[in-house]
2 protein chains.
Amino acid sequence: MASRVPDQVVFDAVLQVIAEQGYERSTTRSIAEAAGINEATLFRRFTSKENLLRQAVRSNFLGFALDLDTPGDDVAADLLTIVNYYARLYDTRGGVVLTLMREAKFSPEVAAVLTEPESLLGRVDEVILHHQRRGALVVEPPRHTFFALVGPLMMRAFARRVDRLTTQTPADPEAVVRRFLNGHRPQQAP
Amino acid sequence: MASRVPDQVVFDAVLQVIAEQGYERSTTRSIAEAAGINEATLFRRFTSKENLLRQAVRSNFLGFALDLDTPGDDVAADLLTIVNYYARLYDTRGGVVLTLMREAKFSPEVAAVLTEPESLLGRVDEVILHHQRRGALVVEPPRHTFFALVGPLMMRAFARRVDRLTTQTPADPEAVVRRFLNGHRPQQAP
DNA sequence: TGTAGATGCAAGTAAGCACTTGCATCGCAC
DNA sequence: GTGCGATGCAAGTGCTTACTTGCATCTACA
């Protein structure tokens with residue numbers, strides 16, 4: 001039977017509340033209130049808090065694909081794809097993503113939920129390795145390259161939610177890639 | 001009267017436990033156990049969990065000064081000072097620092113404790129502004145420059161504690177500064 | 001040696017939390 | 001209209017946690 005409040009509305013409420021409060025601090029009561037349903041109904045429909053988060057994350061990342069399957073000869077273009085993806089992700093879902101990343105370390109519950117989105121990083125690694133082999137990037141562990149590329153972006157999104165002195169302007173992905181490449185082309189001039 | 005277990009030992013235990021568990025998950029019982037004292041003694045000596053954290057943070061940042069008072073004509077040297085400082089901070093206290101940064105957003109308790117260490121960022125801002133005026137750095141909000149500089153470093157320290165695929169090698173501060181400058185000198189060649 | 005203050009120990013208090021349950025109600029298919 | 005399944009409501013259960021308390025014990029210092 002159809003529910004009065006559709007699942008997707010509840011999922012959005014979950015992610016919003018968690019973005020604001022963190023997973024541990026966000027109570028099922030406040031989630032239910034934000035979703036506009038009763039707390040008991042929440043458990044009847046989604047069984048547990050962990051399962052609720054899992055379904056919310058899954059349903060939310062379904063429409064958020066990274067188109068990276070065939071890395072080409074253009075480093076800048078491929079890196080721009082990656083940076084664009086994360087810029088969009090942090091702009092729309094930055095609160096949840098960073099919150100969950102942090103809490104995953106302490107909470108096996110949260111960590112279990114994040115395995116699916118994490119598989120994405122594997123594909124990013126492959127693109128970076130591809131361009132390292134082509135001689136277009138400094139050879140180093142691909143995660144290092146990734147953090148040097150996306151680090152400035154992530155830190156700004158991260159800080160935007162903590163530090164009110166930080167400007168709210170979103171980063172320009174093309175500038176990020178250009179500046180990154182100026183520092184990470186191999187055999188650069190001293 | 002002298003305590004059986006000196007304060008500094010308790011403070012180290014607090015920061016260690018919080019680094020591993022996060023502030024909210026770390027119970028006063030586990031902190032007491034790690035410090036080798038009784039939980040009741042913990043409250044008799046330090047009043048509350050929040051006050052305990054405050055004293056621990058304060059006593060720990062006292063010996064951790066950033067020597068930045070007189071920015072000079074050498075951008076690279078001043079940036080290296082900053083990067084070295086944060087590299088050292090994240091290597092020795094990375095777990096606590098990043099944990100507290102994240103939790104500060106949700107917990108007024110934690111946020112209140114972090115005001116002192118945050119004043120450091122103001123001095124970093126001034127150094128960046130100084131070199132922007134000298135024409136040695138792209139003109140932009142200083143926090144943006146800061147995140148572009150330290151972001152790669154922080155993300156690696158951050159990920160090192162979450163993601164076991166990330167290499168444990170600490171970053172090389174000189175390489176970080178060199179690569180950063182290649183992307184952030186004004187009027188660069190296309 | 002004697003004493004005061006700090007500690008350990010064990011039990012307890014009060015609050016918040018995820019999750020449950022019983023019952024009245026509401027909306028929809030027939 | 002009637003019945004059924006999903007909902008709202010209110011109360012409750014059991015657990016964890018920060019924090020307290022009363023008492024025995026230890027240690028430093030006179």
Side-chain angles (χ1 to χ4, degrees), chain A residues 1-57 96 99-100 103-104 106-113, chain B residues 1-57 96 99-100 103-104 106-113:
Chain A
M1 166 118 311
S3 323
R4 295 262 244 290
V5 173
D7 285 4
Q8 192 57 49
V9 171
V10 180
F11 293 157
D12 286 343
V14 173
L15 296 184
Q16 178 209 329
V17 171
I18 288 182
E20 285 167 8
Q21 311 275 346
Y23 178 74
E24 302 225 323
R25 282 182 84 89
S26 62
T27 69
T28 50
R29 185 178 306 164
S30 69
I31 292 173
E33 193 178 346
I37 64 178
N38 191 270
E39 192 183 358
T41 309
L42 201 73
F43 283 98
R44 280 192 275 245
R45 279 169 62 180
F46 304 102
T47 312
S48 73
K49 189 183 176 187
E50 174 180 1
N51 186 56
L52 175 60
L53 172 63
R54 171 173 294 113
Q55 294 193 39
V57 168
V96 218
T99 297
L100 294 180
E103 278 183 281
F106 309 130
S107 162
E109 222 170 297
V110 175
V113 162
Chain B
M1 166 117 312
S3 323
R4 295 260 243 289
V5 172
D7 286 4
Q8 191 56 51
V9 171
V10 180
F11 294 158
D12 286 343
V14 173
L15 297 184
Q16 178 209 329
V17 170
I18 289 182
E20 286 167 7
Q21 311 275 345
Y23 178 75
E24 302 226 323
R25 284 182 83 89
S26 63
T27 69
T28 50
R29 185 178 306 164
S30 69
I31 292 174
E33 192 178 348
I37 65 179
N38 191 270
E39 192 183 359
T41 309
L42 200 73
F43 283 97
R44 281 191 274 244
R45 279 169 64 178
F46 304 102
T47 313
S48 72
K49 189 183 175 186
E50 174 180 4
N51 187 56
L52 175 60
L53 173 62
R54 171 173 294 114
Q55 294 193 40
V57 168
V96 218
T99 297
L100 294 180
E103 279 183 280
F106 309 130
S107 162
E109 223 169 297
V110 175
V113 161

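Labels below follow one simple rule: chain letters A, B, ... track the order of the sequence lines, proteins then strands, and each chain is numbered from 1.
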Whole Å only: how far is the CD atom of Glu24(A) from the P atom of dT17(D)? 10 Å
What residues, two or more places apart in sequence or in another chain, satisfy side-chain contact (heavy atoms from CB on, under 4.5 Å) together with Asp12(A)? Gln8(A), Asn60(A), Arg93(A)
Taking the side chain as C-beta and beyond, is there a heavy-atom pair between Leu52(A) and Val10(A) under 4.5 Å? yes
Protein N or O to nucleotides 20-26 of chain C N or O, pairs below 3.5 Å:
{"from": "dG22(C)", "atom 1": "O6", "to": "Arg44(A)", "atom 2": "NH1", "distance (Å)": "3.3"}

Can you sort out the partners of Arg25(B) under salt bridge (charged side-chain N to carboxylate O under 4.0 Å, His left out), two or more places apart, ordered by chain and number? Glu24(A)
Could you tell me which residues satisfy side-chain contact (heavy atoms from CB on, under 4.5 Å) with Glu20(A), sequence neighbours excluded, listed by chain and number? Gln16(A)
In whole angstroms, the gap separating C1' of dT7(D) from CG of Leu42(A) amounts to 13 Å
What residues, two or more places apart in sequence or in another chain, satisfy side-chain hydrogen bond (donor to acceptor under 3.5 Å, both in side chains) together with Thr28(A)? Glu39(A)
Side-chain donor-acceptor pairs under 3.5 Å in residues 30-38 of chain B, sequence neighbours left out?
{"from": "Ser30(B)", "atom 1": "OG", "to": "Thr27(B)", "atom 2": "N", "distance (Å)": "3.4"}
{"from": "Ser30(B)", "atom 1": "OG", "to": "Thr27(B)", "atom 2": "O", "distance (Å)": "2.8"}
{"from": "Ser30(B)", "atom 1": "OG", "to": "Thr27(B)", "atom 2": "OG1", "distance (Å)": "3.3"}
{"from": "Asn38(B)", "atom 1": "OD1", "to": "Ala40(B)", "atom 2": "N", "distance (Å)": "2.9"}

Judged by nearest nucleotide, the residue sitting upstream toward the 5' end of DNA chain C, Thr41(B) or Tyr23(A), is Thr41(B)
Taking dT7(C), dT7(D), dC19(D) as options, the one with an atom nearest any side-chain atom of Lys49(B) is dC19(D)
Distance, rounded to the nearest Å, where Asn51(B) contributes CG and dC19(D) contributes C1': 14 Å
Would you mind reading off the distance between Phe46(B) atom CZ and dT7(C) atom C1', rounded to a whole angstrom? 13 Å
Suppose we screen for side-chain hydrogen bond (donor to acceptor under 3.5 Å, both in side chains). Which residues come up paired with Glu109(A), at least two apart in sequence or across chains? Tyr23(A)
d(CG, Leu53(A); C1', dA18(C)) in whole Å: 15 Å
Among residues two or more places apart or on two chains, list those pairs meeting ring pair (Phe, Tyr, Trp, His ring centres under 6.0 Å) that have a residue in residues 30-51 of chain A. Phe11(A)-Phe46(A)
So if I take residues 25-37 of chain A and measure heavy-atom distances to DNA chain C, which residues fall below 4.0 Å? Ser26(A), Thr27(A), Thr28(A)
